[in-house]
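As structure tokens, the structure follows; a few thoughts come after it.
Sequential numbering from 1 along the given sequence is applied to the chain's residues. No hydrogens, no waters, no symmetry mates; every other heavy atom, side chains included, goes into these values.
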Amino acid sequence: MSRLSVPCHVKGAVALQVGDMRTFQGRPGVVVIDVTFPSIEPFELQEITFKNYYTAFLTIRVRQHTSAHTPAKWMTCLRDCCLMPDPHSEDGAQEYVSLFKHQMLCDMTRVLELRLILRQPSPLWLSFTVEELQIYQQGPKSPSVTFPKWLSHPMPCEQSALLLEGLPDPSRVSSEVQQMWALTEMIRASHTSTRIGRFDVDGCYDLNLLSYT
């Protein structure tokens with residue numbers, strides 16, 4: 001299935017403070033990134049790709065267009081997607097990730113804006129985010145190849161001609177097989193059943209007989 005990249009504007013990350021910054025334990029544990037699409041009409045989201053950078057969990061909210069008289073509303077389309085199996089180790093910390101619309105919790109049509117909520121509960125990493133963010137929508141469908149009706153569905157007589165092309169005439173083959181069968185029966189009927197004995201006389205061989213054989 002083809003896809004088209006959607007031009008987008010990724011706003012600067014906003015860190016939400018967890019703990020007291022005056023202490024060593026104080027650090028941002030949640031980062032929010034807003035993605036807008038100022039140069040495109042509401043679209044149907046097909047795929048999101050990015051490279052992770054030490055983000056442990058990802059939640060995505062989408063703002064969708066409803067109608068001219070109803071304000072657009074936010075909905076959660078992905079909740080706490082695990083990007084790092086263990087937040088305290090580096091497994092998955094810098095992996096490339098693809099998320100498809102069938103993984104989302106809601107319909108992804110009429111998209112106006114996305115909000116990515118990143119969480120990293122481990123104090124081991126000083127910063128975390130997502131990089132190389134790309135948004136895709138479904139591209140135009142490939143035109144289907146159609147064949148002429150006469151080629152796709154040949155008539156019965158045409159089908160027979162195509163199947164028999166290059167094969168011998170069935171009536172001729174039947175006649176020749178019948179002639180071969182008759183000839184075989186004639187040979188079998190005239191075959192002698194007399195057993196040919198050895199060239200010996202009273203247990204001794206005649207040299208004259210052997211020389212002629």
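- In terms of heavy atoms, F57 sits closest to P87 at CE1-CG, 4.3 Å.
- Hydrophobic clustering of Ile, Leu, Val, Met, Phe, Trp and Tyr side chains at less than 4.5 Å, counting indirect connections, unites F50 with V6.
- Both V10 and L78 belong to a single network of hydrophobic side chains, linked directly or stepwise wherever heavy atoms of I, L, V, M, F, W or Y lie under 4.5 Å apart.
- The hydrophobic cluster containing V62 does not contain Y136, counting ILVMFWY residues as joined when their side-chain heavy atoms lie under 4.5 angstrom apart, directly or transitively.
- Formation of a donor-acceptor pair under 3.5 Å by the T76 side chain with backbone atoms of R61 is not found in this model.
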Full working for side-chain contact (heavy atoms from CB on, under 4.5 Å) between R3 and T49: CA-CA 12 Å; R3 62 179 187 174; T49 64; 4.2 Å; yes
Worked verdict on V32 versus R115 for side-chain contact (heavy atoms from CB on, under 4.5 Å): CA-CA 7 Å; V32 177; R115 176 167 293 164; 3.7 Å; yes
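- Looking at every heavy atom in both residues, E90 comes nearest to M84 through CA-CE, 4.5 Å.
- Annotation for Y54 and S127: closest pair CB-O, 3.9 Å, computed over non-hydrogen atoms.
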Derivation and outcome, side-chain hydrogen bond (donor to acceptor under 3.5 Å, both in side chains), residues S122 and H88: CA-CA 6 Å; S122 175; H88 303 289; 2.9 Å; yes
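- Atom-to-atom distance recorded for Q138:CD and F43:CZ is 13.0 Å, nearest 0.5 angstrom.
- In this structure, the separation between CZ on F37 and NE2 on H9 is 11.5 Å, given to the nearest 0.5 Å.
- Annotation for E131: atom CD counts as buried by contact number, over 12 foreign heavy atoms lying within 6.0 Å.
- A donor-acceptor pair is defined here as one N or O able to donate and one able to accept, closer than 3.5 Å; no such pair exists between the side chain of R110 and the backbone of Q64.
- I135 and I40 fall within the same hydrophobic cluster, defined by Ile, Leu, Val, Met, Phe, Trp and Tyr side-chain heavy atoms under 4.5 Å apart, directly or through other members.
- Counting only distance, with no hydrogens or angles, the side chain of N52 and the backbone of V97 share no donor-acceptor pair below 3.5 Å.
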side-chain contact (heavy atoms from CB on, under 4.5 Å) between Q103 and I48, intermediate numbers included: CA-CA 11 Å; Q103 299 175 258; I48 302 174; over 6 Å; no
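- Contact between T59 and D80 at its shortest, heavy atoms only, is OG1-N, 3.0 Å.
- The cluster map of Ile, Leu, Val, Met, Phe, Trp and Tyr, joined by side-chain heavy atoms under 4.5 Å apart, puts L112 and I117 in different clusters.
- Taking every heavy atom of both residues into account, L114 and W74 meet most closely at C-CZ3, 4.2 Å.
- Atoms CD1 and CG, from I60 and L118 in turn, are 9.0 Å apart once rounded to the nearest 0.5 Å.
- Atom NE2 of H65 sits about 14.5 Å away from atom CD of E113, to the nearest 0.5 Å.
- Interatomic distance, K101 NZ to T109 OG1, rounded to the nearest 0.5 Å: 9.0 Å.
- Contact between Q120 and T55 at its shortest, heavy atoms only, is NE2-C, 4.2 Å.
- Rounding to the nearest 0.5 Å places CG of L45 at 10.5 Å from CG of D107.
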side-chain contact (heavy atoms from CB on, under 4.5 Å) between E44 and Q137, intermediate numbers included: CA-CA 6 Å; E44 180 177 357; Q137 63 178 336; 5.8 Å; no
